[in-house]
Amino acid sequence: MRQRPLILLTFAVLAAHGLLLAWPGMEEALRKARITGSTPNELRFEVRQISPPPPVATLPAPAPAPASRPRVAPTAPVAPRPQLQKAPPQQAPTSRASVGPKTPESAADQLAAASAETAPPVNAEAPPAAPSALDQLLAPSEPSAAPTSDSISGSAAERPSSDAVTSQDSSSPAPDPVPSPPGADAPNAAAPAVAEPAPAPGIGSPGYAGPMPAIKLPPSARLQFQAKGSAKGFQYSAKAQLLFKTDGQRYQAEQEVSAFLMGSRSQTSSGQITPHGLAPQRFVDKARKERSADLDAAAGRVRYSDGDDPQAVSAGVQDRLSIFLQLSSMVAANPERYAPGSTVAINVTSARSTEVWTFVVDGPETLDLPAGATPALRLTRQPRKGQDQTAHLWLAPSLQYLPVRIRLSQSNGDFADLQLQAATVDGQPATPP
């Protein structure tokens with residue numbers, strides 16, 4: 001038992017001597033472990049501070065571009081360069097150090113850059129506000145594009161346009177029709193749009209030299225209508241009124257259509273009374289915006305408030321409201337002249353331009369109106385183009401041929417139908433027989 005403590009003491013002394021002898025080597029091992037990093041934190045520290053960054057290859061100076069292939073300027077033409085497409089493709093460099101002189105851009109890149117430079121600017125203007133339902137009433141100025149047939153059958157507007165060449169009185173020689181330019185009907189997509197052949201001259205057209213109509217002016221009257229129609233597929237009902245005042249020297253006419261929650265549209269016409277009927281001097285068309293036309297038949301022109309080009313006219317020109325009253329005066333003066341199939345052509349101005357309106361007499365018929373059964377003479381405006389507005393007009397002999405029904409139809413199916421509900425003539429209530 002006495003030997004065991006001695007043995008342990010001897011072993012401890014030997015271990016201490018061995019540790020002292022091995023300490024320099026262990027210190028060196030610990031230093032190396034610290035340098036190489038034995039923990040994640042020491043590794044990140046030594047990598048940032050001791051490890052040098054990788055060498056960056058220096059780019060050689062770019063060689064001068066060959067004289068035969070100059071760099072394409074930014075204003076190069078848009079057309080592709082076939083010789084670039086035919087050139088053999090070059091192998092892509094594997095590193096930045098091996099990049100040589102800059103190669104020309106490909107044809108696709110040139111086309112894309114040129115297209116971006118020459119692309120037209122995008123129109124950032126907001127589209128115009130959509131017209132209200134009543135903006136299509138009372139002779140709308142913009143035709144619709146979708147073709148359709150008129151809903152009134154048996155109208156003379158469905159006859160061939162050759163029936164509309166007898167606008168002059170049968171006792172007077174008819175003017176020679178204006179010939180169409182050669183090849184005007186042949187399509188030519190490459191050439192610019194060819195102006196349409198001028199229509200046959202009508203009363204009030206520039207240079208018109210035909211006979212002027214006899215007239216019998218109707219008395220002052222107030223006509224109240226029930227209006228029904230369709231605008232862009234929306235069915236509506238409205239109230240309308242046509243007011244005509246005259247003192248024998250001057251006249252004033254006003255027509256207004258209004259509907260609940262839909263607004264209103266009005267047209268006014270004022271001017272002088274001549275031996276050949278109404279001579280309008282000012283026409284105003286008012287919906288959301290007011291436009292007007294100032295007519296000067298003596299000077300032979302019409303001027304417009306919106307700055308549209310002045311139009312040449314002559315005596316007898318009408319506006320889009322006075323035309324209905326002028327037709328009443330003409331038929332009342334000579335009903336026999338306007339037999340079924342006869343025509344009359346009159347130059348009519350809107351608030352923006354003029355156009356010859358040709359009316360065909362369809363014949364008499366009896367209408368079932370809110371005011372009662374009414375015999376009337378129907379006239380139809382023949383559209384010159386498929387997109388033109390078609391106007392049907394019924395004149396009642398019992399009311400001195402004042403209009404008792406007016407129907408305006410668009411080629412897309414929109415229409416406005418005004419039917420007489422009550423009439424006051426010369427201050428007295430008038431009832432159709």
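Since the structure is predicted, the reported quantities are computational estimates derived from the model, not experimental observations. The analysis underlying the following values was restricted to heavy atoms, covering all of them including side chains, and did not include hydrogens, waters or symmetry mates.
Counting only residues at least two apart or in different chains, salt bridge (charged side-chain N to carboxylate O under 4.0 Å, His left out) contacts with residues 340-349 are absent.
For the pair Pro213 and Ile203, the minimum side-chain heavy-atom distance is below 4.5 Å. No side-chain heavy atom of Pro403 sits under 4.5 Å from any side-chain heavy atom of Trp394. The shortest distance between side-chain heavy atoms of Val348 and Glu355 does not fall below 4.5 Å. The shortest distance between side-chain heavy atoms of Val313 and Asn347 falls below 4.5 Å.
For the residue pair Gln241/Arg222, the side-chain donor-acceptor check at 3.5 Å is satisfied. A donor atom on one side chain and an acceptor atom on the other are not found under 3.5 Å apart for Arg352 and Gln311. Side-chain contact check for Gln326 and Ser322: no donor-acceptor pair (N or O, by modelled atom type) lies under 3.5 Å. Counting only N and O atoms by type, the side chains of Thr380 and Asp362 include a donor and acceptor under 3.5 Å apart.
Taking the side-chain contact (heavy atoms from CB on, under 4.5 Å) definition, one finds that Asp294 meets it with Arg282, sequence neighbours left out. Qualifying salt bridge (Lys or Arg N to Asp or Glu O under 4.0 Å) partners for Glu365, counting only residues two or more places apart in sequence or in other chains: Arg378.
Using the six-membered ring where Trp is involved, Tyr236 and Phe234 have ring planes that are parallel, under 30° apart on the 30 and 60° scheme.
Across Arg405, Gln226, Lys228, a single residue satisfies side chain to side chain donor-acceptor pair (under 3.5 Å) together with Asp417, and that is Arg405. Partner of Leu321 under the side-chain contact (heavy atoms from CB on, under 4.5 Å) criterion, out of Ser266, Ser269, Pro280: Ser269 alone.
Around the CD atom of Gln235, the shell of radius 6.0 Å holds more than 12 heavy atoms that belong to other residues, nucleotides or ligands.
A salt bridge links Arg265 and Asp285; the closest N-O separation between the charged side-chain nitrogens and carboxylate oxygens is under 4.0 Å.
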Report task. Could you go through the side chain to side chain contact (heavy atoms under 4.5 Å, CB included) check for Val317 and Ile346 one step at a time? Result -> CA-CA 7 Å; Val317 62; Ile346 302 177; over 6 Å; no
Query - side chain to side chain contact (heavy atoms under 4.5 Å, CB included) evaluation trace for Tyr304 with Arg291 - result: CA-CA 8 Å; Tyr304 303 102; Arg291 295 184 175 93; over 6 Å; no
Requested in this report: List the steps and the verdict of side chain to side chain contact (heavy atoms under 4.5 Å, CB included) for Leu278 and Leu217.
Outcome: CA-CA 9 Å; Leu278 305 182; Leu217 196 69; 3.6 Å; yes
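Checking side-chain atoms of Ser328 against main-chain N and O of Phe324 turns up a donor-acceptor pair under 3.5 Å.
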